[in-house]
Engineer: 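Let me give you the structure first, and then I'll get to my questions.
Heads up: numbering here begins at 1 and tracks the sequence.
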Amino acid sequence: MPDIPKRWRGECESGKDFASSLCNKKLIGARSFYKGFDMAMRNKYGKGSEKIINSPRDTDGHGTHTTSTVAGSHVPNASYFGYASGIARGMVPQARVAAYKVCWEEGCFSSDILAGMERAIEDGVNILSLSIGGISDPYFRDAIAIGAFAATKRGIFVSCSAGNGGPTPESLSNVAPWIMTVGAGTVDRDFRGYAVVLCDRGVNARVEKGVVVKKAGGVGMILANTAENGEGTVADRHVLPAVAVGKIAGDKIREYAGSDPNPTVDLSLGWTVLDVKPAPVVAEFSSRGPNNLTPQILKPDVIGPGVNILAGWTGAVEPSTLHTDTRISPFNLLSGTSMSCPHISGLAALIKAAHPKWSPSAIKSALMTTSYTLDNTNTTLRDASTGAISTPWDHGAGHVDPQKALSPGLVYDASSNDYFTFLCSLNYTLEQVQTIAQNPNVNCSRRFSDPGHLNYPSFSILFRSKKRAVRYTRTLTNVGDANSVYNVGVDGPSAVSITVKPTKLVFGKVHEKKRYTVTFASKKHVAVKAAFGSITWSNSEHQVRSPVAFTWS
């Protein structure tokens, strides 16, 4: 790789099992942040934790996996014990990486997260990828939201995991509108195997069930989903031959095992299967909307690959994370929105490289408005937990499309001032707004009458008993060709009329801005609680699609 840019201010800190000399032109920064964790342990136990390893060294594996997903170099003959074999590489192999270790065995402390984000901003990163999630606190109490706001003001794109609380509704984390909130979907690759002992999924860890089966003398395990997990399955690092099945297959196996006095099963070695259909499918664990913090902002934003993802792994811990397991692998298969987040971070880096002057909100818009909502069977995306059609509360704008995102045609841009105005519309105190904005000069002289007026690439419409019409104005910026003409198309439920004015946008120049107003009017006595639709500006080259969620209360 070429020499490190002179503008880079980061460094590699030496620590236990990690020498600063291990950094190079690829890994250009490595730091750890533990003072918040240490103080919490002192307050709790009267002394600092002995589990702190004051070092950037990854002793857990999560950081290695996510980092190699976003920017790992090409590695031939990669696999996890023969599964998912081939050439492994990250989303942007030519990107440089700086790692900021902010999580420890007992968790991730807000002060450490914020310190790590602040240091990353000062070091000069272009993209911040945080595979960290939690509960949705008000923005002025959310360390990630505050740190991400500071990053966005400086032109740094921030991508975060939506959380693994699905399929429970309103389980999202990291919902601030200046953050790219990433859910997870499946890929068109699976791992087939045939096994036995039949276990219901749930309560305790999946791999722990296999340990119990093995100790009891079992030679294999079928891990069958219950209603809570539906049809979503993930690959695990089991200690014995095992296969995971969805609820439908699980119910049939349970029926057979309970009705036959001598049930039998075959054990067969599995293999990797490609071109699996349907794919992608929204992962059952991917956190769901609606956004319970700011319901006028539709979240999640998008989904990306997050199930059975092969990536690098630390040598400090077993892939199964069971200390009784002695197997070691330089790769591991993991599932979660922690895995989907770095995929989107990598795409943002690609867009940033192609369009270095684009703002973080423009990059987000490009990823959202070009996402797709049809799977590889040309059917609307489905929800793994139920098998039913998924909605924007599950998949956001859809599954990201790398090629189309590089040339979206139009973008919904937003500045720091727009976010200030948004914050001032949330009924926060001025001090709370200034805490997020980190600007004592913000005075809330401008505020939206409704937070949904933010120039966002999606819509979330809240109808009330005395408010059956909602009108928003959006601004589109032409990042495609000069002399471009776009016509609008709307799709919505029969209970809502959607009126867009004007219906045609003509852009004479590149970077020219045009406004449009859309009015959503609800009929009386609507029987449903929620419905969905879309608004699409299109021409022969581009389709700029915005999902719309409708809620009645």
Engineer: With sequence neighbours left out, write down each residue that passes salt bridge (Lys or Arg N to Asp or Glu O under 4.0 Å) with Asp123, or none if nothing qualifies.
Structural biologist: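 Only Arg31, Arg119 meet the salt bridge (Lys or Arg N to Asp or Glu O under 4.0 Å) criterion with Asp123.
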
Engineer: With sequence neighbours excluded, tell me which residues meet salt bridge (Lys or Arg N to Asp or Glu O under 4.0 Å) with Asp383.
Structural biologist: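 With neighbours one apart ignored, the set is Arg288.
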
Engineer: Quick one: which residue pairs count as a salt bridge (Lys or Arg N to Asp or Glu O under 4.0 Å) with a foot in residues 126-154, not counting sequence neighbours?
Structural biologist: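 For residues 126-154: none.
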
Engineer: Applying ring pair (Phe, Tyr, Trp, His ring centres under 6.0 Å), run through Phe420 and Phe149 and close with a yes or a no.
Structural biologist: CA-CA 10 Å; Phe420 293 155; Phe149 196 94; 5.7 Å; yes

Engineer: Using distance only, find each side-chain donor-acceptor pair of residues 175-183 under 3.5 Å and give its atom names and separation, not counting sequence neighbours.
Structural biologist:
unit_1: Trp178; atom_1: NE1; unit_2: Ala145; atom_2: O; d: 2.9
unit_1: Thr181; atom_1: OG1; unit_2: Asn174; atom_2: O; d: 2.6
unit_1: Thr181; atom_1: OG1; unit_2: Lys299; atom_2: NZ; d: 2.8

Engineer: Output every pair passing salt bridge (Lys or Arg N to Asp or Glu O under 4.0 Å) with a member in residues 417-433, not counting sequence neighbours, ordered by first then second residue.
Structural biologist: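 Listed by first then second residue: nothing to list.
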
Engineer: Who pairs with Asn126 by side-chain hydrogen bond (donor to acceptor under 3.5 Å, both in side chains), at least two apart in sequence or on another chain?
Structural biologist: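 By the side-chain hydrogen bond (donor to acceptor under 3.5 Å, both in side chains) rule, Asn126 matches Arg7.
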
Engineer: Between Arg57 and Lys16, is any pair of side-chain heavy atoms under 4.5 Å apart?
Structural biologist: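 No; the side chains remain at least 4.5 Å from each other.
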
Engineer: Is it true that Tyr428 and Thr435 share a donor-acceptor pair across their side chains at a distance under 3.5 Å?
Structural biologist: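 No, no side-chain donor-acceptor contact under 3.5 Å.
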
Engineer: Determine whether Pro290 and Glu170 make a side-chain contact, defined as any pair of heavy atoms from C-beta on separated by less than 4.5 Å.
Structural biologist: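 Pro290 reaches Glu170 side chain to side chain.
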
Engineer: Quick one: do Asp3 and Lys25 make a salt bridge, cutoff under 4.0 Å?
Structural biologist: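 Salt bridge: yes.
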
Engineer: Apply ring pair (Phe, Tyr, Trp, His ring centres under 6.0 Å) to the pair Trp104 and Phe109, showing each step before the final yes or no.
Structural biologist: CA-CA 9 Å; Trp104 306 89; Phe109 289 78; 9.7 Å; no

Engineer: Between Tyr472 and His453, what is the ring plane arrangement, given parallel below 30°, perpendicular above 60°, and tilted in between?
Structural biologist: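 Tyr472 and His453: perpendicular rings.
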
Engineer: Kindly confirm or rule out an SG-SG distance below 2.5 Å between Cys108 and Cys103.
Structural biologist: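 In this structure, Cys108 and Cys103 share a disulfide.
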
Engineer: How far apart are the C-alpha atoms of Arg515 and Thr473, what are their side-chain angles, what is the distance that settles it, and do they pass the side-chain hydrogen bond (donor to acceptor under 3.5 Å, both in side chains) test?
Structural biologist: CA-CA 7 Å; Arg515 302 174 70 190; Thr473 297; 4.6 Å; no

Engineer: Using the rule given for side-chain hydrogen bond (donor to acceptor under 3.5 Å, both in side chains), can you reason through Thr64 versus Asp58, listing the C-alpha separation, both sets of side-chain angles and the distance that settles it, and then say yes or no?
Structural biologist: CA-CA 7 Å; Thr64 301; Asp58 180 12; 2.5 Å; yes

